[in-house]
Amino acid sequence: MIGILGAGALGRLWAARLPAGQAVFLARPGQPPGADTRYRFRPVTGPETGIQVPWLGAGDLPDLVLVTTKAGDTLDALTCVIDRIPETTPILLFQNGLGSQQAVAQRWPERPILAATTTEGANRPDTDLLVHAGAGETWIGPMTKAADQVVERAASQLAESGLTLHQEPDILSRLWQKLVVNAGINPYTAILDCPNGEILTTHLYRETIDGLCEELSAVMAAAGQKATAPETLRQRIEDVARKTAHNTSSMRADVLRGRTTEIDFINGYLVRRGKELGIATPVNQMLTEQVQQLSPH
Ligand code: NAD
Ligand code: KPL
């Protein structure tokens, strides 16, 4: 049985794709054990289907837990349900950005904590409709020593979904690569209220992107990541912005819906790491503050 904490877009995608009867949602504490969660699932291709997911029952013991809350909710959400998760059960974190994964690994260093990064795209245009907007790939790897032994098993359990899975021994490095792209696209799209591709021709982007990439390159190197030239980082950011030119980024979508964004775990994380490592990050600071003013905090 695979427990899913966070019955939002990504959690519902995994629940819909895992073999019927395997997924259960973990309720928030105090949430009365109500009826099963039902929704319509619109796959990338093929007809819509109806999905029904039960809640974890009293006495049920999940043998894998996927955490699909937003980064800012993750530590509190897990703290509330940790007593229901056996100590040997792998806990796989799906959050964007960095900081929340390390916080969980530091809180429970003896548990098998894993992290994932995924390019699957899922959204909920209506509360009872889950759209798998784009097929992608998912990489999973260990965040604690205890997770080294369980990555293979967790990957094969998830591969039963038919989604593309890879094991990644150095998951932190892959999370940094994703962070670079999110730090260079998401805040601009939120501040400028435009799709990803449009940022490239704006004054704000053109005036600040080189400074941002210098900060990214310096913080990454000081944090022990492979040294990468600022120009290379800029190319990576612009490649993704062009390939996803018409997309609304997750950060812009959060602002448009009046939700808290993940800025504190993207550019905000870079500001915090910069402070610890003695590296000035004025562009990340400016972008973080501007996005914080756009959404509830
Ligand atoms: P979402 O807001 O749709 O889902 C999060 C869910 O967590 C919500 O249903 C919310 O009610 C629930 N939640 C919040 N606090 C909780 C608590 N204490 N206990 C139980 N549930 C709680 O967000 P999402 O789009 O599914 O994204 C989840 C994470 O995955 C984010 O970090 C996001 O960046 C990342 N991600 C999402 C996608 C995607 O396509 N949606 C792709 C890649 C990465
Ligand atoms: O991951 C993304 C996001 O929106 O969070 C990008 C790569 C920017 C695609 O929209």
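Counting starts at 1 for both ligands and their atoms, in listed order.
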Discussion item. Among all protein heavy atoms in this structure, tell me which lies nearest to atom 6 (C) of ligand 1, with the distance rounded to 0.1 Å.
Written reply: Gly8 N, 3.7 Å
Worksheet entry | Residue and atom name of the nearest protein heavy atom (relative to atom 28 (C) of ligand 1), distance in Å to one decimal | Thr68 O, 3.4 Å
Worksheet item: Looking only at heavy atoms of Ala122, does any of them come nearer than 4.0 Å to an atom of ligand 1?
Response: yes
Discussion item. For Arg234, is there an ion pair with Asp210 - N to carboxylate O distance below 4.0 angstrom?
Written reply: yes
Worksheet item: Can you find an N/O atom of Ala9 closer than 3.5 Å to an N/O atom of ligand 1?
Response: yes
Practice prompt. For ligand 1, indicate whether the residue Ala77 contacts it via side chain, backbone, both or neither (heavy-atom separation under 4.0 Å).
Written response: both
Discussion item. Pairing donors with acceptors under 3.5 angstrom, does anything connect the side chains of Thr244 and Asn196?
Written reply: yes
Practice prompt. Among all protein heavy atoms, pick out the one at the shortest distance from atom 35 (C) of ligand 1; state its residue, atom name and that distance to 0.1 Å.
Written response: Phe94 O, 3.6 Å
Worksheet item: Looking at ligand 1, does Thr69 have a heavy atom less than 4.0 Å from it?
Response: yes
Item to complete: Name the closest protein heavy atom to atom 21 (N) of ligand 1, giving the residue it belongs to and the distance to 0.1 Å.
Response: Gly6 CA, 3.8 Å
Worksheet entry | Residues Glu198 and Tyr188: side-chain donor-acceptor under 3.5 angstrom | no
Discussion item. Within the structure provided, determine whether Leu179 and Tyr269 are in side-chain contact (heavy-atom separation under 4.5 Å).
Written reply: yes
Fill in: Option set Leu10, Leu5, Leu66, criterion heavy-atom distance to atom 38 (C) of ligand 1, minimum
Leu10
Worksheet item: Is it true that Arg242 and Glu238 make a salt bridge, defined as a side-chain N closer than 4.0 Å to a carboxylate O?
Response: yes
Practice prompt. Please work out which of the three classes, parallel, tilted or perpendicular, describes the rings of Phe94 and Trp14, given edges at 30° and 60°.
Written response: tilted
Discussion item. Looking at ligand 1, would Gly121 count as a contact under a 4.0 Å heavy-atom criterion?
Written reply: yes
Worksheet entry | Top protein contact for atom 42 (C) of ligand 1, by heavy-atom distance | Glu120 O, 3.4 Å
Worksheet, complete the sentence: Among non-hydrogen protein atoms, atom 43 (C) of ligand 1 lies closest to Thr118 CG2, 3.5 Å
Discussion item. Quick one: does any side-chain atom of Ser217 pair with a main-chain N or O of Glu214 as donor and acceptor, under 3.5 Å?
Written reply: no
Item to complete: State if Arg259 counts as touching ligand 1 under the rule of any non-hydrogen atom under 4.0 Å.
Response: yes
Fill in: Side chain proximity check, Arg17 to His132, heavy atoms < 4.5 angstrom
yes
Worksheet item: Is there a donor-acceptor contact under 3.5 Å linking the side chains of Thr79 and Arg107?
Response: yes
Dump the pairs for me: ligand 2 N or O, protein N or O, distance under 3.5 Å, to 0.1 Å.
residue	atom	partner	partner atom	Å
ligand 2	1 (O)	Asn182	ND2	3.0
ligand 2	4 (O)	Ser250	N	2.8
ligand 2	5 (O)	Asn182	ND2	3.4
ligand 2	5 (O)	Asn186	ND2	3.1
ligand 2	5 (O)	Ser250	OG	2.6
ligand 2	10 (O)	Asn196	ND2	3.0

Worksheet item: Is the shortest N/O to N/O distance between Lys70 and ligand 1 below 3.5 Å?
Response: no
Worksheet item: Does atom CD of Glu137 have more than 12 heavy-atom neighbours, drawn from other residues, nucleotides or ligands, at distances under 6.0 Å?
Response: yes
Discussion item. Is it the case that the side chains of Thr74 and Ser100 hold a donor-acceptor pair, with the cut-off being a distance below 3.5 Å and no angle test?
Written reply: no
Worksheet item: Under 3.5 Å between some N or O of ligand 1 and some N or O of Leu26?
Response: no
Fill in: Exercise: do Gln285 and Asn267 side chains pair donor with acceptor under 3.5 Å
no
Worksheet entry | Selection from Lys178, Arg28, Arg124 by shortest heavy-atom distance to atom 15 (N) of ligand 1 | Arg28
Worksheet item: Are Gln292 and Asp264 close enough that a side-chain donor and a side-chain acceptor fall under 3.5 Å?
Response: yes
Item to complete: Flag the pair Asp254 and Lys70 as a salt bridge only when some basic side-chain nitrogen lies within less than 4.0 angstrom of an acidic carboxylate oxygen.
Response: yes
Worksheet item: Out of Glu262, His132, Gln95, whose heavy atom is nearest to atom 33 (C) of ligand 1?
Response: Glu262
